[in-house]
Amino acid sequence: MTSQFSPKSDFLRTLMDRGYIHQCSDFEGLDQKARSGMLTAYVGYDCTAPSLHIGNLISGMMLHWFQQTGHRPITLMGGGTTRVGDPSGKDETRKLLTVEQIEGNKNSIKGVFGKLLNYGPDGNGAIMVDNAEWLTKLNYIDMLRDIGRHFSINRMLTMDSVKLRLEREQELSFIEFNYMILQSYDFVELARNYNCSLQMGGSDQWGNIVNGVDLGRRMGTHQLYALTTPLLTTASGAKMGKTASGAVWLNADMFSPYDYWQFWRNTEDADVSRFLKLFTLMPLDEIARLSALAGSEINDAKKILATEATALLHGRAAAEEAAETARKTFEEGIAAETLPSFNLPIGTGLLAANVAVGFASSNSNARQLVESGAVRINDVVITDTRRILTAEDFRDGAIKLSMGKKKHVLIKA
RNA sequence: GGGGGAAUGUCCCGAGCGGCAAAGGGGGCGGACUGUAAAUCCGCUGGCUACGCCUUCGCAGGUUCGAGUCCUGCUUCCCCCA
């Protein structure tokens, strides 16, 4: 158990103190190695979507601290493995993405790492590689002889990712079955070419990672290590990262800094301390002070969490702006100029307006919401479904339209 | 190759004697209570030019006043035997 081990290396101590560690293949060994010089570690990222989401942010933060404590991080883009598809934790086969989609996603994902890591030529400058570089060049027969012979089908069948599918009598295609072999090989490849000795990832990656450690031993690399983070859940046990509009994406064009700030602002009380440690760079003693706040005072801690987490990802200026927009909107009740705005002509029906700004999915949906008293024009509840936006509704050239307590937009003519 | 099952509201799971816009969950959204929290309670959760109309139960036909429900063919998936 992690709690019985007290690490001496800066790296592991930092990770443990901040709550990043779930499992490690060999704590003592890794700790010792981290004290004896610069290590190289990597995390692999799927290219299944055009942006990473907050679930991926934890491993990215681990790489950040890894670098901060003097080591060299590698971000591995799964340009090759995404063509195969990871069956871990999935109920059914995902549709295969085209190579073009994968390349597009890869390029769109890359940007976020520049916020967390320093790339560059200096001693421990981060490195970015794409496993398509070597995986697409593998020759089938050679691969079977060099790599495949080290894998036991008997053991592969006991891996969770495989076992689950078999037990549930769900299809597991041959291509997916091969995924763990490729990911394992990645580790060996990075060990050989970059002297990489540690792979980190989410707890669902444990099986894939230890397979790589194993393959390394069989193929004669130096000792490799596995380190995983806990699954990100709220204190109530719900999986994190999903909201009404989908996942909490890290790319600003898919999830705005303001929404991102709001996401963290709405954290459950019981999660504040944990999230401050995981998703901000604040010193632990400062976090301890904030965590001690009780009752409604903990809202101050939530604002700091939101601002710091947003600043880390989107920059200080965007974070301050989001905080200010929120303050005006929620604490002063005035329409902040920086709220999301839409252009709609005077005379637009209230229902149509709600659909246009994304509050409702259809006129019917909008009608129901209006009737239930959820919709406000300039902070006045409107229940008339035939209401039309008029010139008199404009205050300083804009109408503040609200859905529920939290969603507000400005409408301009 | 032979035999037996399955496919339901496009978020998911899942009931469904021939009268069904289709039970029940989960999730989501909204309301109340609060602190932009949690828990709890209530409402909504196919669409529309809306006391009515239109479109939905794998696909295509058929029987019937009427089909998610019965019949035929097809597709996909699963299980057993070979």
Asks: Nearest-Å distance, CZ (Arg386(A)) to P (C48(B))?
Replies: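 So the CZ-P distance, Arg386(A) to C48(B), works out to 15 Å.
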Asks: Syn or anti: how is C20(B) classified when any glycosidic angle within 90° of 0 counts as syn?
Replies: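 With its glycosidic angle within 90° of zero, C20(B) counts as syn.
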Asks: Test of understanding: with side-chain hydrogen bond (donor to acceptor under 3.5 Å, both in side chains), list the residues that count as partners of Glu324(A), not counting sequence neighbours.
Replies: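 Once residues adjacent in sequence are excluded, the partners of Glu324(A) under the side-chain hydrogen bond (donor to acceptor under 3.5 Å, both in side chains) criterion are Arg327(A).
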Asks: Scan every strand shown for a Watson-Crick or G-U wobble partner of C57(B), both distances under 3.5 Å, and answer none if you come up empty.
Replies: none
Asks: Distance check, C1' atoms only: A6(B) and G16(B), in whole angstrom units.
Replies: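 To the nearest whole Å, 16 Å.
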Asks: Under 4.0 Å, heavy atom to any atom of RNA chain B: which of residues 285-316 of chain A qualify?
Replies: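 Residues of residues 285-316 of chain A under 4.0 Å from RNA chain B: Gly295(A), Ser296(A), Ile298(A), Asn299(A), Lys302(A).
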Asks: More than 12 foreign heavy atoms under 6.0 Å from CG of Asn139(A): is that the case here?
Replies: yes
Asks: Do Val43(A) and Gln199(A) come within less than 4.5 Å of each other through their side chains, counting heavy atoms only?
Replies: no
Asks: What residue pairs, at least two apart or across chains, pass ring-ring contact (aromatic ring centres under 6.0 Å, His included) with a residue in residues 289-344 of chain A?
Replies: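 Listed by first then second residue: Tyr260(A)-His314(A), Phe330(A)-His408(A).
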Asks: What is the distance, to the nearest angstrom, from the CD atom on Gln262(A) to the P atom on G35(B)?
Replies: 18 Å
Asks: Is C51(B) syn or is it anti, if syn means the base angle is within 90 degrees of 0?
Replies: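 Syn, angle within 90° of zero.
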Asks: Between atom CG in Asn365(A) and atom P in U10(B), what is the gap in whole Å?
Replies: 13 Å
Asks: Taking G25(B) as the reference, what is the distance to C33(B) when you measure between their C1' atoms (whole Å, please)?
Replies: 26 Å
Asks: Mind checking the P distance from C13(B) to G27(B)? Whole angstroms is fine.
Replies: 15 Å
Asks: Using purine N1 to pyrimidine N3 plus N6-O4 or O6-N4 for Watson-Crick, or N1-O2 and O6-N3 for G-U wobble, each under 3.5 Å, what pairs with U10(B)?
Replies: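 Partner of U10(B): none found under 3.5 Å.
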Asks: Taking the same atom, C1', in A7(B) and in C54(B), what whole-Å distance lies between them?
Replies: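 Nearest-Å result for A7(B) against C54(B) at atom C1': 26 Å.
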Asks: Salt bridge between Asp46(A) and Lys106(A), side-chain N to carboxylate O under 4.0 Å?
Replies: no
Asks: G5(B) and A50(B): how far apart are their P atoms, nearest whole angstrom?
Replies: 48 Å
Asks: Crowded around Glu133(A) CD? As in, over 12 foreign heavy atoms under 6.0 Å?
Replies: yes
Asks: Do the side-chain N or O atoms of Lys406(A) get closer than 4.0 angstrom to the phosphate oxygens (OP1, OP2) of A37(B)?
Replies: yes
Asks: Measure from CZ on Phe263(A) to C1' on U36(B) and round the result to the nearest Å.
Replies: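 In whole Å, U36(B) C1' lies 14 Å from Phe263(A) CZ.
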Asks: What is the distance, to the nearest angstrom, from the CG atom on Leu369(A) to the C1' atom on G43(B)?
Replies: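 Taking atom C1' of G43(B) as the reference, CG of Leu369(A) is at 11 Å.
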Asks: Which residues within residues 318-333 of chain A lie with some heavy atom under 4.0 Å of an atom in RNA chain B?
Replies: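 Within this stretch, Ala326(A), Phe330(A) sit under 4.0 Å of the strand.
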Asks: Going by atom types only, do Thr267(A) and Asp271(A) share a side-chain donor-acceptor pair under 3.5 Å?
Replies: no
Asks: With the threshold set at 4.0 Å, does a side-chain nitrogen-carboxylate oxygen contact exist between Arg145(A) and Asp142(A)?
Replies: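 No salt bridge links Arg145(A) with Asp142(A).
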Asks: Looking across every strand, which nucleic acid part, if any, lies under 4.0 Å from Ser364(A) by heavy atom: base, sugar-phosphate, or nothing?
Replies: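 Base contact - Ser364(A) has a heavy atom under 4.0 Å of at least one base atom.
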Asks: According to the Watson-Crick and G-U wobble definitions, with both distances under 3.5 Å, which nucleotide is paired to C70(B)?
Replies: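 WC or wobble partner is G62(B).
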Asks: Could you check which nucleotide pairs with A32(B) in any of the strands shown, counting Watson-Crick or G-U wobble with both distances under 3.5 Å?
Replies: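 Looking at the geometry, A32(B) pairs with U40(B).
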Asks: Check the distance between U45(B)'s P and Asn354(A)'s CG and give it to me in whole angstrom.
Replies: 17 Å
Asks: I want to confirm an ordering. Mapping Ser372(A) and Gln368(A) to their closest nucleotides on RNA chain B, which one lands closer to the 5' end?
Replies: Ser372(A)
Asks: Can you check the distance between C59(B) and G52(B), where both ends of the measurement are the P atom (answer in whole Å)?
Replies: 29 Å
Asks: Which pairs, with at least one residue in residues 289-309 of chain A and sequence neighbours excluded, count as a ring-ring contact (aromatic ring centres under 6.0 Å, His included)?
Replies: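 Residue pairs passing ring-ring contact (aromatic ring centres under 6.0 Å, His included), neighbours aside: none found.
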Asks: List the residues meeting side chain to side chain contact (heavy atoms under 4.5 Å, CB included) with Asp285(A), not counting sequence neighbours, and say none if there are none.
Replies: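 By the side chain to side chain contact (heavy atoms under 4.5 Å, CB included) rule, Asp285(A) matches Pro283(A).
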Asks: Taking atom types as modelled and ignoring hydrogens, do the side chains of Thr48(A) and Asn105(A) form a donor-acceptor contact shorter than 3.5 angstrom?
Replies: no
Asks: Between the base of A37(B) and the side chain of Arg265(A), is there a donor-acceptor distance below 3.5 Å?
Replies: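 No.
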Asks: What nucleotide, of A37(B), U36(B), C48(B), holds the atom closest to the side chain of Trp261(A)?
Replies: U36(B)
Asks: Between Leu351(A) (CG) and G47(B) (C1'), how many Å, whole number?
Replies: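 That distance rounds to 14 Å.
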Asks: Lys405(A) has a side chain; which of G47(B), A37(B), U34(B) sits nearest to it?
Replies: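 Per side-chain heavy atoms of Lys405(A), the pick is U34(B).
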Asks: Just how far, in rounded Å, is C1' of C54(B) from CG of Asn363(A)?
Replies: 15 Å
Asks: Determine the interatomic distance between C1' on C42(B) and the same-named atom on C51(B); round to the nearest Å.
Replies: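 It comes out at 25 Å once rounded to the nearest Å.
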Asks: Write down the distance separating the P atoms in C79(B) and G68(B), rounded off to the nearest Å.
Replies: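 The answer is 31 Å between these two P atoms.
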Asks: Determine whether Trp264(A) and Ile54(A) satisfy the following criterion, side chain to side chain contact (heavy atoms under 4.5 Å, CB included), listing intermediate values before the conclusion.
Replies: CA-CA 11 Å; Trp264(A) 293 111; Ile54(A) 54 166; 4.1 Å; yes
